[in-house]
Amino acid sequence: MKRTKIKDLLQWEPQNQEVTVMGWTRTFRNNQFISLNDGSTIQNLQIVVDYTKFPEELLKRIHTGTSLKIEGILVPSQGKNQKSEVLAQSIEILGDCPAEEYPLQPKKHSLEFLREIAHLRLRTTTFQSVFRIRNGLAFAIHQFFQNKGFVYIHSPIITSSDAEGAGEMFQVTTLDLNNVPKDENGKVDYSQDFFGKAANLTVSGQLEAELGAMSFSEVYTFGPTFRAENSNTPRHLAEFWMIEPEMAFYDLNDNMDLAEEMLKYLIEYTLKNYPEELQFLQQRQLEEEKQKPQNERNTMPLIEKLEFCIKEPFERLSYTKAIEILENSSYNKKKKFQFPVKWGMDLQTEHERYLVEKEFQKPVILTDYPKEIKAFYMRQNEDGKTVRAMDILFPGIGEIIGGSQREERYELLYQRMKEMNISTEEMYWYLDTRRFGTVPHSGFGLGFERLVLFCTGMSNIRDVIPFPRTPKNCAF
RNA sequence: UCCUCAGUAGCUCAGCCGGUUAGAGCACAUGACUGUUAAUCAUGGGGUCGCAGGUUCGAGCCCUGCCUGAGGAGCCA
């Protein structure tokens, strides 16, 4: 008989239907009740075993992790926690799971321990929930942009441009590192390398996306990016996924409108499509927070927090205004900030948190930062001091989006690159966009894992990507 | 990279002031029980106390270095 997925089967009215299900044992209680999961839903199906009708040898092989094929009939459950259950008529063990060796137990495991067994943690309800939502968000991102007619551009993963200044890069080479060829100056001779020059993994697809926007008007990238920064935080990965839309004829306001609309669309999509997963994750988060001191706890449960974010318009204000607010805050007057507030400085985490969590208590978009602390490609304002940048700050995770209106004026861009020591020769192709039919345009970058963090209520970014890469960790 | 904390059984953790043979719960094995919801009860096996040095009559405990993990900071998405 054909297999029925547990997700479908749980929708049925139990009327003694004959069914076949397959899945993995979560628990086997009382020698009678198998909790079976097949990954089609985070819910388990209860299989009822009449232990007098099956050989003891067979039942002894059923442990947490054992994969089974069950044929039986679907009946109303006598127990309290489920509507229906399957009375087993035949049990076939598809794969044994040696109980002494299998690390997953029917109990709470720490996330740190599960990270060490990332190849098995996918089998837990927590990670099924997280990665099902991750999957949904990836789909929803494409849907959002495709519905608007944006063209998906595949930016290269290996690149020879190292001028973006977005962070330390991973080098890509086929040279024998034990015998590196050198030129007459004693430098590495990259002409003998695979590409005939030095190559790296990309840190951003933005510059390539700009090339696309100069043709299609509206494009986006969605791919992996790599940063070799020695960052050891719950918000950074060496390999992460980024969404980078780039739009011709958009100014900074259009850019912010799009970013806000996108984030709200994605959060709403999650709420609509993953209620069970969110419910489970919310419960998980509440229990995690019981361990924390009162003042570090989230003020809002996960689902409420997500709903709140889509209801309220994000707070928009300039960097300069934000500095004023911080300077006049009672926090500052009581000298509670570790870093003194002063126009021109980059905002520290404590300042961003104050604005988002204390002052406005909702997502905040900051604009028009001092040019000294922002990238070379951002459009300069008339005041000569600031650029058309915008950062979207979210409660709990800080910067989720960074974007800007780009400098479309050739002379100003050229001059800025010179000032910041960026090679105009190597970047000729980027400058060409401003030489040949330049237009005002804007774009932003969304860190996919930070979005997943926010939507799942997880607290460490290593738990929202299946196989995290961080300094000193490249397992699996 | 910097600061703080941690590393003891498969997992989560206790281990007093440095003192005999290092403990508990869960997991696992065996048995009992059989409508359970992380079943329950009984019994049992299970340890290079992160690694390397040092102090001491004696170190899981004190000191030094290193490794790993977590939290915070920086860099950022």
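The chains referred to below are lettered A, B, ... by the order of the sequence lines, with proteins before strands, and numbering in each begins at 1.
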Counting side-chain heavy atoms from C-beta on, which of U34(B), A38(B), A70(B) comes nearest to Asn31(A)? U34(B)
Walking RNA chain B from its 5' end, the first of Gln348(A) and Gln46(A) to be reached, judged by nearest nucleotide, is Gln46(A)
If you measure from the ring centre of Phe240(A) to the centre of the six-membered ring in the base of A77(B), is it under 5.5 Å, with the planes under 30° apart? yes
For Gly445(A), which contact category applies under a 4.0 Å heavy-atom criterion: base, sugar-phosphate, or nothing? sugar-phosphate
Donor-acceptor pair under 3.5 Å: do we get one between Ser231(A)'s side chain and the base of C75(B)? yes
Complement of U68(B), any strand, by Watson-Crick or G-U distances under 3.5 angstrom: A6(B)
Nearest-nucleotide pick for Thr349(A), side chain only, options being C26(B), A73(B), A77(B): A73(B)
Watson-Crick/G-U partner (both atom distances under 3.5 Å) of A73(B): U1(B)
Between G25(B) and U21(B), how far is it from one C1' atom to the other, in whole Å? 22 Å
G23(B) versus C41(B) - spacing of their P atoms, nearest Å: 23 Å
From A77(B), G74(B), G72(B), pick the nucleotide closest to the side chain of Thr233(A)? G74(B)
Check if the side chain of Glu101(A) and the base of G10(B) share a donor-acceptor pair of N or O atoms closer than 3.5 Å. no
G58(B) pairs with, by Watson-Crick or G-U criteria that keep both distances under 3.5 Å: none
With side chains defined as the heavy atoms from C-beta onward, is the minimum distance between Glu71(A) and Val19(A) less than 4.5 Å? no
Examine the base of U1(B) for any acceptor or donor lying under 3.5 Å from a partner atom in the side chain of Glu229(A), and report the outcome as yes or no. no
Phe448(A) and ring-ring contact (aromatic ring centres under 6.0 Å, His included): which partner among Trp241(A), Phe222(A), Phe240(A)? Phe222(A)
Along RNA chain B (nearest heavy atom to each residue), the more 5'-positioned of Ile401(A) and Thr470(A): Thr470(A)
Distance check: side-chain N/O of Lys60(A) vs OP1/OP2 of G31(B), anything under 4.0 Å? yes
Regarding U1(B), can its base be found pairing with the side chain of Asn232(A) as donor and acceptor, where the two atoms are less than 3.5 Å apart? yes
If only side-chain N and O atoms of His63(A) are considered, is one of them under 4.0 Å from the OP1 or OP2 phosphate oxygen of A29(B)? yes
Please determine, for G47(B), whether a Watson-Crick or G-U wobble partner exists with both distances under 3.5 Å, and give it or none. none
Separation of the P atoms in G47(B) and G31(B), to the nearest angstrom: 23 Å
Would you check if Ile34(A) and Val48(A) make a side-chain contact, meaning some heavy-atom pair closer than 4.5 Å? no
Euclidean distance for P, G46(B) against G53(B) (whole angstrom): 28 Å
Among the candidates G71(B), A29(B), A77(B), find the nucleotide nearest to the side-chain atoms of Arg227(A). A77(B)
Check: Glu85(A) side chain, G35(B) base, donor-acceptor under 3.5 Å: yes
Please confirm whether the shortest side-chain N or O distance from Arg115(A) to OP1 or OP2 of A70(B) is below 4.0 Å. yes
Candidate nucleotides G10(B), A77(B), U36(B), ranked by approach to the side chain of Lys107(A) - the nearest: G10(B)
Salt bridge (charged side-chain N to carboxylate O under 4.0 Å, His left out) between Asp251(A) and Arg406(A), intermediate numbers included: CA-CA 9 Å; Asp251(A) 65 15; Arg406(A) 317 306 189 192; over 6 Å; no
Any donor-acceptor N or O pair under 3.5 Å, side chains Tyr250(A), Glu218(A): yes
Within the structure shown, what part of the strands sits under 4.0 Å from Tyr51(A) by heavy-atom distance: base, sugar-phosphate, or nothing? base
Under a 3.5 Å cutoff, is there a donor and acceptor pairing between the side chains of Gln279(A) and Arg284(A)? no
Would you mind pulling out the nucleotide paired to G23(B), Watson-Crick or G-U wobble, both distances under 3.5 Å? C13(B)
Taking only the side-chain nitrogens and oxygens of Arg462(A), find out if one of them lies under 4.0 Å from OP1 or OP2 of A70(B). yes
Nearest-Å distance once atom P is located in both G60(B) and C49(B): 8 Å
Nucleotide of C76(B), C11(B), G35(B) approaching His109(A) most closely (side-chain heavy atoms): C11(B)
Counting only distance, no hydrogens or angles, is the base of G35(B) paired donor-acceptor with the side chain of Gln32(A) under 3.5 Å? no
Please give the distance between the C1' atoms of U1(B) and U8(B) as a whole number of Å. 31 Å
N or O in side chain of Asn230(A) less than 4.0 angstrom from U1(B) OP1/OP2: yes
When the P atoms of C3(B) and A39(B) are compared, how many Å lie between them, rounded to an integer? 46 Å
Cation-pi check, Lys385(A) onto Trp343(A) ring (under 6.0 Å, within 45° of axis): yes
Look at the side chain of Val48(A) and decide which nucleotide, out of C75(B), G31(B), G35(B), has an atom nearest to it. G35(B)
Taking atom C1' in both A59(B) and C76(B), compute the distance separating them and give it to the nearest angstrom. 45 Å
Of all the nucleotides listed (A73(B), U36(B), G69(B)), which has the minimum atom distance to the side chain of Asn473(A)? G69(B)
Looking at the base of C75(B), is there any donor atom on it, or on the side chain of His236(A), that sits under 3.5 Å from an acceptor on the other one? yes
So which nucleotide does A42(B) pair with, by the Watson-Crick or G-U wobble rule with both distances under 3.5 Å? U30(B)
Please state whether the phosphate of U36(B), meaning OP1 or OP2, lies under 4.0 angstrom from any side-chain nitrogen or oxygen of Arg29(A). no
Closest to the side chain of Gln82(A), out of U37(B), A77(B), U12(B), is U37(B)
Apply the side-chain hydrogen bond (donor to acceptor under 3.5 Å, both in side chains) test between Lys264(A) and each candidate in Glu260(A), Glu261(A), Glu268(A); give the one that qualifies. Glu260(A)
